[in-house]
Amino acid sequence: MDKIVVRGGAPLHGHVRVSGSKNAALPVLVSSLLVGGKTTFRNVPGLMDIHSILSLLSELGADVTRSADAVTIDATTISCVEAPYDLVRKMRASILVLGPLVARMGRAKVSMPGGCAIGDRPIDLHLKGLEAMGAAITLEHGYVEAVAKRLKGARIVFDTVSVGATENLMMAATLADGVTILSNAAREPEIIALADVLNAMGAKVKGAGTPEITITGVTDLTPTDTEIIPDRIEAGTFMVAAAMTGGDVVVEACAPEHMEHTLSKLEEVGATLEVGERSVRVIGPKTIKSVDIRTAPYPGFPTDMQAQFMAMLTRAEGASVIHETIFENRFIHVSELKRMGADIVLKGNDVATVKGVKELSGAQVMASDLRASASLILSGLVAKGETVVNRVYHLDRGYENIETKLRGLGATIERVKE
């Protein structure tokens, strides 16, 4: 199993280019199931999760061709409507095939999903929405089965904001009979990106990016050619790396308009930002200031940036308080940061007080999930001595060649294969 070895102490300098968004690419690639013909997606990142979803689409009968960062999917013929355990267990986003399959094929059978161990993320909102649209749902032997001759439009009010449920039901509704309204819908840029792709295919989706999305069903969709939006979490991770090392880095090919809370908090810790149309230059402060953070659904502070900011705040002047409101087990990385000398006190599962320390010390640490992996690498960049981050297969689910990109900025970092 690979590990990442980091030797800290060097401020980062230079330019780094952000890859396409994993969280946008996954549902957009799945949307190809709604279409007969060849759909092409560009700026697709080379990640383990992308490989997993493409393998699943192939398993269902789609013809998948990849060349560099472009993927072409021809789902004219779907030979199977069952997503098996061996593929779905690797990634939670696999549940997104449920809506498109039942919408186009009239039936879908999908294994209960897997993914990072960062708390309970039930799929009940997906299932309640499909039931409201007329699907018969059964749960048996670890599988979800949905059957509907044709889905019917419905008004669906989400009890809580859910990105996955919004995406799944938005895709399903494109081929439903009548109008579907999703209320209390997720507002993330990835939702807007999916709506844009669906509309390019001929769907009628309005209101994406607001709490209420209206989808008027059509009888069929047509192929399109589209580009995946930049990954705002990868961009934010490099910005935090620049700030906490006292460096000077230009993060290119990003979308600053998707990152307002991240940029605001970087300025609060003392970083100097030069924001362009598709780039952000980050100049790290001499002293990192403490800040308080509360994660929230978009447009609030992203839970996927919480661990990286915690890593930075271990070196801040004074104490910071972080409230995690999205996932109940997303402080698993705290014990590993403490192994490196961090001073962090937890109150329950959702509040962490981070007191800045003069110095972190390199250590052997274990990654517990995707963003925790990034936080441990960031800590290694400023720690004294050598940090070894084990179990980095989590990292490969969401960061494309992160060690190569950091090395290009002057970091002493390498991947060691075992």
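Positions are given from 1 along the sequence.
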Inset, instruction - Answer yes or no: does atom CZ of R294 have more than 12 heavy-atom neighbours from other residues, nucleotides or ligands under 6.0 Å? - result: no
Legend entry - Spatial distance of atom CD (E403) from atom CG (D2) [nearest 0.5 Å]: 8.5 Å
Inset, instruction - Step by step, work out the side-chain hydrogen bond (donor to acceptor under 3.5 Å, both in side chains) result for T40 and T72. - result: CA-CA 4 Å; T40 299; T72 298; 3.2 Å; yes
Inset, instruction - Could you please spell out the steps behind the salt bridge (Lys or Arg N to Asp or Glu O under 4.0 Å) verdict for D248 and R281? - result: CA-CA 7 Å; D248 184 346; R281 180 185 180 188; 2.6 Å; yes
Inset, instruction - Report the distance from atom OG of S373 to atom OH of Y399, rounding to the nearest 0.5 Å. - result: 8.5 Å
Inset, instruction - Give the minimum heavy-atom separation between H323 and V321, together with the two atoms involved. - result: NE2-CG1, 3.5 Å
Inset, instruction - Quick one: do T174 and M201 satisfy side chain to side chain contact (heavy atoms under 4.5 Å, CB included)? Show the steps, please. - result: CA-CA 10 Å; T174 61; M201 293 174 173; over 6 Å; no
Legend entry - Reported CG-to-CG distance for the pair N401 and L406, which is rounded to 0.5 angstrom: 11.0 Å
Legend entry - Distance-minimising heavy-atom pair for P100 and L33: CB-CB, 4.1 Å
Inset, instruction - Let me see the working for K109 and E140 under salt bridge (Lys or Arg N to Asp or Glu O under 4.0 Å), right down to the final yes or no. - result: CA-CA 10 Å; K109 186 176 181 180; E140 194 173 39; over 6 Å; no
Inset, instruction - Please confirm whether the backbone N or O of S19 pairs with a side-chain atom of D231, one donor and one acceptor, at under 3.5 Å? - result: no
Inset, instruction - Give a yes or no on whether a salt bridge exists between K22 and D304, defined as a side-chain N under 4.0 angstrom from a carboxylate O. - result: no
Inset, instruction - Check whether any side-chain heavy atom of V88 lies under 4.5 Å from a side-chain heavy atom of M112, and answer yes or no. - result: no
Inset, instruction - Could you pull out the closest heavy-atom pair between V161 and P297, with the gap in Å? - result: CG1-CB, 4.2 Å
Legend entry - Test item: T245 side-chain N/O and L12 main-chain N/O as donor-acceptor pair under 3.5 Å: yes
Legend entry - Side-chain heavy-atom pair L376, I4 within 4.5 angstrom cut-off: no
Legend entry - salt_bridge(E386, R7) N-O dist < 4.0 Å: yes
Legend entry - Heavy-atom donor-acceptor pair, E188 side chain to Y298 backbone, under 3.5 Å: yes
Legend entry - Sidechain N-carboxylate O distance under 4.0 Å for R107, E145: yes
Inset, instruction - Nearest 0.5 Å please: distance from the CG atom of L337 over to the CZ atom of R339. - result: 11.0 Å
Inset, instruction - Compare all side-chain heavy atoms of R371 with those of I233 and state whether any distance is below 4.5 angstrom. - result: yes
Inset, instruction - Examine distances only and state if a side-chain atom of S264 and a backbone atom of H261 form a donor-acceptor pair shorter than 3.5 Å. - result: no
Legend entry - Crowding at OH, Y85 (>12 non-hydrogen neighbours, <6.0 Å): no
Inset, instruction - Evaluate the side-chain proximity of F158 to L182: yes if any heavy-atom separation is below 4.5 Å, no if none is. - result: yes
Legend entry - D225/R42 salt bridge by N-O under 4.0 Å criterion: yes
Inset, instruction - Report yes if some heavy atom in the side chain of I156 is under 4.5 Å from a heavy atom in the side chain of M133; otherwise report no. - result: yes
Legend entry - Under 3.5 Å: donor-acceptor pair, side chain of R407, backbone of I413: yes
Legend entry - Donor-acceptor pair, side chain of S368 and main chain of I332, under 3.5 angstrom: no
Legend entry - Stepwise side chain to side chain contact (heavy atoms under 4.5 Å, CB included) test for M305 and T237: CA-CA 7 Å; M305 285 301 304; T237 300; 4.2 Å; yes
Legend entry - Closest approach of N168 to I95 (non-hydrogen atoms, all atoms of both residues): ND2-O, 3.0 Å
Legend entry - Heavy atoms from other residues, nucleotides or ligands near CZ of R17 exceed 12 (cutoff 6.0 Å): no
Inset, instruction - For residues V18 and V16, determine if any side-chain heavy atom of one lies less than 4.5 Å from a side-chain heavy atom of the other. - result: no
Inset, instruction - Could you walk me through whether V282 and V240 pass the side chain to side chain contact (heavy atoms under 4.5 Å, CB included) test, one step at a time? - result: CA-CA 9 Å; V282 180; V240 169; over 6 Å; no
Legend entry - Interatomic spacing from NZ in K358 to CD in E317 - rounded to 0.5 Å: 13.0 Å
Inset, instruction - Determine whether V144 and I137 make a side-chain contact, defined as any pair of heavy atoms from C-beta on separated by less than 4.5 Å. - result: yes
Inset, instruction - Would you sort out whether E257 and R278 count as a salt bridge (Lys or Arg N to Asp or Glu O under 4.0 Å), showing the intermediate values? - result: CA-CA 9 Å; E257 68 273 17; R278 283 292 175 264; 3.1 Å; yes
Inset, instruction - Grab the two heavy atoms, one from I191 and one from M170, that are nearest each other, plus how far apart they are. - result: O-CE, 3.8 Å
Legend entry - Side chain D292, main chain S320, donor-acceptor under 3.5 Å: no
Legend entry - Minimal non-hydrogen separation, G247 against P11, with atom names: CA-CB, 4.1 Å
Legend entry - Student check: side-chain heavy atoms of P223 and K38 closer than 4.5 Å: no
Legend entry - Evaluation steps, salt bridge (Lys or Arg N to Asp or Glu O under 4.0 Å), between E324 and R330: CA-CA 7 Å; E324 173 57 60; R330 205 151 202 188; 5.5 Å; no
Inset, instruction - Apply side-chain hydrogen bond (donor to acceptor under 3.5 Å, both in side chains) to the pair R232 and T262, showing each step before the final yes or no. - result: CA-CA 9 Å; R232 60 192 172 100; T262 297; over 6 Å; no
Inset, instruction - For M171 and L194, run side chain to side chain contact (heavy atoms under 4.5 Å, CB included): C-alpha distance rounded to whole Å, both residues' side-chain angles, the deciding distance at 0.1 Å, then the answer. - result: CA-CA 9 Å; M171 286 189 284; L194 175 59; 4.0 Å; yes
Inset, instruction - Output yes when E131 and K128 qualify as a salt bridge under the 4.0 Å nitrogen-oxygen rule, no when they do not. - result: no
Inset, instruction - Using modelled atom types only, decide if a donor and an acceptor are shared between the side chain of E414 and the backbone of V5 within a distance under 3.5 Å. - result: no
Legend entry - Check: M48 main-chain N/O paired with S52 side-chain donor or acceptor under 3.5 Å: yes
Legend entry - Point-to-point distance, once rounded to the nearest 0.5 Å, from OG1 of T325 to CD of Q306: 10.0 Å
